[in-house]
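Notes follow the structure.
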Amino acid sequence: MHVLIAEDDRSVAAALVSAVTRAGHACTQVGRGSDVLLRHHDTHVVMLDLGLEDMDGLDVLTQLRAVSDVPVIVVTARGDEQSTVRALSLGADDYLVKPVRLRELLARITAVTRRYTPPE
């Protein structure tokens, strides 16, 4: 499985990449929302931070949903109910507040991709 990790904090990104690759998945890490929109095509799941370098993650999610059904797990420091509800309403498949438990994150990746068939 290929995971696209959108995270601009290098230490958090390194931990996520390490966990995902140790679990046997391929991954690509980007820090910009525009890169998510360019690189989501060959991805089985997107892990999306809401605070990216060039745009808000909710805007990325809105634009991504206009062109793709790829599963999206929001992984963010924003723990308020309004952000959670908004992201889920905009099409996120799951929402986790940092710091995340890595084994739980890996289980959620499996859960949200269980029924997803990527386009050929």
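All values below come from the heavy atoms of this structure, side chains included, with hydrogens, waters and symmetry mates left out.
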Compare all side-chain heavy atoms of I5 with those of T28 and state whether any distance is below 4.5 angstrom.
no
Donor-acceptor contact below 3.5 Å, side chain S18 vs main chain A14
no
Using atom types as modelled and distance alone, determine if a side-chain donor or acceptor of R65 lies under 3.5 Å from a backbone N or O of S68.
yes
Spacing of OG1 belonging to T84 relative to CZ belonging to R78, to within rounding of 0.5 Å:
10.5 Å
What heavy-atom pair brings D93 and L88 nearest, and what distance separates the two atoms?
C-CD2, 4.4 Å
Same cluster or not: Y116 versus L61, using hydrophobic residues (I, L, V, M, F, W, Y) connected whenever any side-chain heavy atoms lie under 4.5 Å apart?
yes
Taking atom CG as the centre, does D69 end up with more than 12 heavy-atom neighbours from other residues, nucleotides or ligands that are less than 6.0 angstrom away?
no
Just how far is it from atom OG of S34 to atom CG of D59, taken to the nearest 0.5 Å?
12.5 Å
Sub-3.5 Å donor-acceptor pair from the side chain of H2 to the main-chain atoms of H44, do we have one?
no
Keeping to residues at least two apart or across chains, list the salt bridge (charged side-chain N to carboxylate O under 4.0 Å, His left out) pairs with something in residues 96-111.
E7-K98, D49-K98, D94-R108, R101-E104, E104-R108
Point-to-point distance, once rounded to the nearest 0.5 Å, from CD of Q29 to CG of D35:
9.5 Å
Ion pair R32/D56, N-O distance below 4.0 Å
no
Is there a side-chain contact between T76 and Y95 in this structure, where contact means two heavy atoms from C-beta onward sitting under 4.5 Å apart?
yes
Please find the pair of heavy atoms, one from G33 and one from V60, that lie closest to each other, and give the distance.
CA-CG2, 3.5 Å
Heavy-atom side-chain proximity of L105 to L96 below 4.5 angstrom:
yes
Between A26 and V20, what is the shortest heavy-atom contact and its length?
O-CG1, 4.3 Å
According to a hydrophobic-cluster definition based on side-chain heavy atoms being under 4.5 Å apart (Ile, Leu, Val, Met, Phe, Trp, Tyr only), do L4 and V12 belong together?
no
Do L106 and V74 share a hydrophobic cluster, counting only Ile, Leu, Val, Met, Phe, Trp and Tyr and linking them when any side-chain heavy atoms are less than 4.5 Å apart?
no
List the atom of L52, the atom of M55, and the distance in Å for their closest heavy-atom pair.
CB-O, 3.4 Å
Atom of A77, atom of V97 and distance for their closest heavy-atom approach
O-CG1, 4.1 Å
Can you check whether M47 reaches V3 side chain to side chain, under 4.5 Å on heavy atoms?
yes
Answer yes or no: is there a side-chain heavy-atom contact under 4.5 Å between L50 and L58?
yes
Is there side-chain contact between V75 and I73, with heavy atoms separated by less than 4.5 Å?
yes
So does D80 pair up with R86, basic N to acidic O under 4.0 Å?
no
Would the distance check show the side chain of S83 and the main-chain N or O of G79 forming a donor-acceptor pair, the cut-off being under 3.5 Å?
no
Are V112 and L64 connected, step by step, through hydrophobic side chains (Ile, Leu, Val, Met, Phe, Trp, Tyr) whose heavy atoms are closer than 4.5 Å?
no
Taking atom CG of D9 as the centre, report whether more than 12 heavy atoms of other residues, nucleotides or ligands fall under 6.0 Å from it.
yes
Please report the closest heavy-atom contact between V30 and V36, naming both atoms and the distance.
CG2-CG2, 3.9 Å
side-chain contact (heavy atoms from CB on, under 4.5 Å) involving T21 - partner list, sequence neighbours excluded
V17, C27
